[in-house]
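Just so it is clear: chains get the letters A, B, ... in the order the sequence lines come, proteins before strands, and each one is counted from 1.
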Protein chains: 2
Amino acid sequence: MGNANRQPTTISDIARLSGVSKRTVSRVINNSPKVGKATREKIQSVIDELNYRPNAQARGLAAGCSYLLGLIYDNPDGLYIDEVQRGVLSVCRGLGYELVVHPCDWRSDTLTSEAIGFVNRSKLDGVIVLPPISEDNDLAGAFRKAQVRYVRLAAIALDTADRVVIANERSAVAAMAEYLVNLGHRRIGYIAGPEGRKSTRERLEGFCDALAKHGCAPCEDMIARGAYTFESGIACARTLLERPEPPTAIFASNDEMAAGVIYTAQEMGMKVPGDLSVAGFDDSMLATKIRPSLTTIRRPVREMARLATKKLIASIDGREDEARVGVFLDPVLIIRDSTRSIHWWREVNSHPEGS
Amino acid sequence: MGNANRQPTTISDIARLSGVSKRTVSRVINNSPKVGKATREKIQSVIDELNYRPNAQARGLAAGCSYLLGLIYDNPDGLYIDEVQRGVLSVCRGLGYELVVHPCDWRSDTLTSEAIGFVNRSKLDGVIVLPPISEDNDLAGAFRKAQVRYVRLAAIALDTADRVVIANERSAVAAMAEYLVNLGHRRIGYIAGPEGRKSTRERLEGFCDALAKHGCAPCEDMIARGAYTFESGIACARTLLERPEPPTAIFASNDEMAAGVIYTAQEMGMKVPGDLSVAGFDDSMLATKIRPSLTTIRRPVREMARLATKKLIASIDGREDEARVGVFLDPVLIIRDSTRSIHWWREVNSHPEGS
DNA sequence: ATGAAAGCGCTAACAG
DNA sequence: CTGTTAGCGCTTTCAT
């Protein structure tokens, strides 16, 4: 009160008003243990009273860091991005980090140099990389060479434990396969994502392996290749359903395509789930807003983002051991109205007999 | 070549290697005109050769800026957020600015102090504020008092021209009203958003005024109050459709609620658009993925974000006149399959007779 | 047109 | 436990 100065408070003000040196104030700011209790409290009270906040630029310049994290992605799914950002920020809060976002073009030849430039320009302390860019090992290599800390979100183990957080999609799709088999389905269609992504293969293999394990011949001609779009879901559904022996269930590897499948089936006069069970992947906003609501798989996106951020900050702080804990997170199978037992009126026993 | 040093190049390196002082290098970096042509070229060549990039932290600390913009919002719609971010970044690119994101809680009592803290901590050069927080005049006032530059995205003119970009929602909903009237509808239901937001009122008034202008008694008992959710759309639709004289068309003030209306109508055995026309607002991803596809209104979100960013940076650069140009952007009416003439088999003449 | 020198606000040896 | 003293890399008066 009184000196309502326009100039923001600095560490020198705090030092002067507390009757100590800047060094000691600095210690309090940085939670150094080597400060007397009384001194610390005195300083803290002055800090609180003036609502002092250290200047991150100056801090960074002196300490060689920025308290800035970066988020690098080329993913058209705004909901996924938003979810990740909120997860990241939920752990940044209180740790004093801020998040700088960087959507970019996966296919650009300058992806790597741009990414490095992004990090250097703002002196980012670390970056989190989202799929599908996270699958780019060249980029990861460039980061390592440039001494840029990073953590990737992925579906498979493509880096060391301190640099990756993995949604165990293989086990998730396996659970889906089992679920469908237990519902009595034997002819099960699969709509894959675009080629070239590792997670596409991971989901497909995981699904087929699980089917095989349950005695269903791996689904060779029951596989269609989509593009993660509604329209491609329609096209693939048509292909699958026009076969002489059409599937009784279709698992599309994302919700948009699954929505396309339901639409197509209904257009063709089939009832979902009566004549055809349909399942998706993502638990997107679509899942509960189409009829029937969609059985799907939900990745713990926000949790993954939180974990990735914790790892990254642990690594920045030099707590390398902590940066290594926790890698795999399990997606969960969400059963809604688009799937049904093939003989639902008979009450199928759904206990798996093997294992 | 040769001195592949791990230390990043600094301005001093450039100065030494070019045989000039740091001051002159600084002039070149900042495009000062007062540098001899020969000197400039010499320095530039050294800069290029070493691929030197000035340290943004140091630059900011010395110059009192950060080349960082902030984005403040409390909006659950991830797609909207993502769209805005991409818009903002598309103009940041090349101007050397980065974007720091800050989702927060609208209702928190500490919203203002947190927002100011956010800006001060990272010494942001300016912030863009999204609805509904952008409607908070206390926050805006606090920003002005704290000398924080900002631009708000909004639906009404709640600030000076250099501080706001407006989607003309009033004219957009008026166009929708006109469209529905021209289809022959007279009993038109309206599902409003939650109270307390100015844009809620703006849309409602704009719609009713337009109806009145076309001779439809303003829709008093045809108005239901939703919450921008699918479920609330269902509830409101039920209310509206169970009236003795149900509407022949319903305009829901966002797509989610419109989807709920379509769902409910179909549940009740009505055909959309045969028995009931339905329209939404947002052109969300839902719009093309439900059946029938949704007639709706699309705001130029990305364009608004771009314009807001241009204004903000113009203001930062002191080009105040430039910061004032362009305020209103027009949403567009998108006609799909969920609306139809009330007498569609008769070929209604859709030319408005007034005007 | 160019340079010398004083900081921006903070951290970090290195004493004491 | 606390203070002194240099910088971090850049901008910016003020001279020349």
Colleague: Are any non-hydrogen side-chain atoms of B:R53 and A:N120 less than 4.5 angstrom apart?
Modeller: no

Colleague: Take B:K37 and B:E41 through the salt bridge (Lys or Arg N to Asp or Glu O under 4.0 Å) test and state the conclusion after the steps.
Modeller: CA-CA 6 Å; B:K37 190 163 181 296; B:E41 279 167 0; 3.1 Å; yes

Colleague: Would you say D:dC8 has OP1 or OP2 under 4.0 Å from some side-chain N or O of B:T10?
Modeller: no

Colleague: So, is A:S21 close to the D:dG3 phosphate, meaning a side-chain N or O under 4.0 Å from OP1 or OP2?
Modeller: yes

Colleague: Base, sugar-phosphate alone, or nothing: which one does B:S26 contact when heavy atoms must sit under 4.0 Å apart?
Modeller: base

Colleague: With respect to the side chain of B:V35, which nucleotide from C:dG9, C:dT2, C:dG3 is positioned closest?
Modeller: C:dT2

Colleague: C:dG9 C1' sits how many Å from A:R23 CZ, rounded?
Modeller: 14 Å

Colleague: In whole Å, I'd like the distance from the CZ atom of B:R59 to the C1' atom of C:dG7.
Modeller: 18 Å

Colleague: State which residues pass side-chain hydrogen bond (donor to acceptor under 3.5 Å, both in side chains) with B:D159; sequence neighbours excluded, sorted by chain then number.
Modeller: B:Y150, B:R152

Colleague: Answer yes or no: side-chain N or O of B:R27 and base N or O of C:dG3 forming a donor-acceptor pair under 3.5 Å.
Modeller: yes

Colleague: Give the nucleotide from the list D:dT2, C:dG9, D:dT11 with an atom nearest to the side chain of A:A62.
Modeller: C:dG9

Colleague: Rounded to whole angstroms, how far apart are OH on A:Y52 and P on C:dG9?
Modeller: 10 Å

Colleague: Which residue lies toward the 5' end of DNA chain C, B:K37 or B:A58, if each is placed at its nearest nucleotide?
Modeller: B:K37

Colleague: Regarding B:D162 and B:S315, do their side chains bring together a donor and an acceptor under 3.5 Å, going by distance alone?
Modeller: no

Colleague: Which atom names give the shortest non-hydrogen contact between A:P131 and A:N75, and what distance separates them?
Modeller: O-ND2, 3.2 Å

Colleague: Distance check: side-chain N/O of B:N30 vs OP1/OP2 of D:dT11, anything under 4.0 Å?
Modeller: yes

Colleague: In whole angstroms, how far is the P atom of C:dT2 from the CD1 atom of B:I43?
Modeller: 8 Å

Colleague: Angle between the end axes of the helix from C:dA1-D:dT16 to C:dG16-D:dC1, five pairs per end, to the nearest 10 degrees?
Modeller: 30°

Colleague: Quickly work out the A:Y67 OH to C:dT11 C1' distance and round it to whole Å.
Modeller: 9 Å

Colleague: Under 3.5 Å, is there a donor-acceptor pair linking the side chains of B:R40 and B:N31?
Modeller: no

Colleague: When the distance from CD of B:Q57 to C1' of D:dG7 is rounded to whole Å, what number comes out?
Modeller: 15 Å

Colleague: Any idea how B:Y67 and B:Y97 line up, ring-wise: parallel (<30°), tilted (30 to 60°), or perpendicular (>60°)?
Modeller: tilted

Colleague: What's the NZ-C1' distance between A:K34 and C:dG16, to the nearest Å?
Modeller: 13 Å

Colleague: Just how far, in rounded Å, is P of C:dA6 from NZ of B:K22?
Modeller: 12 Å

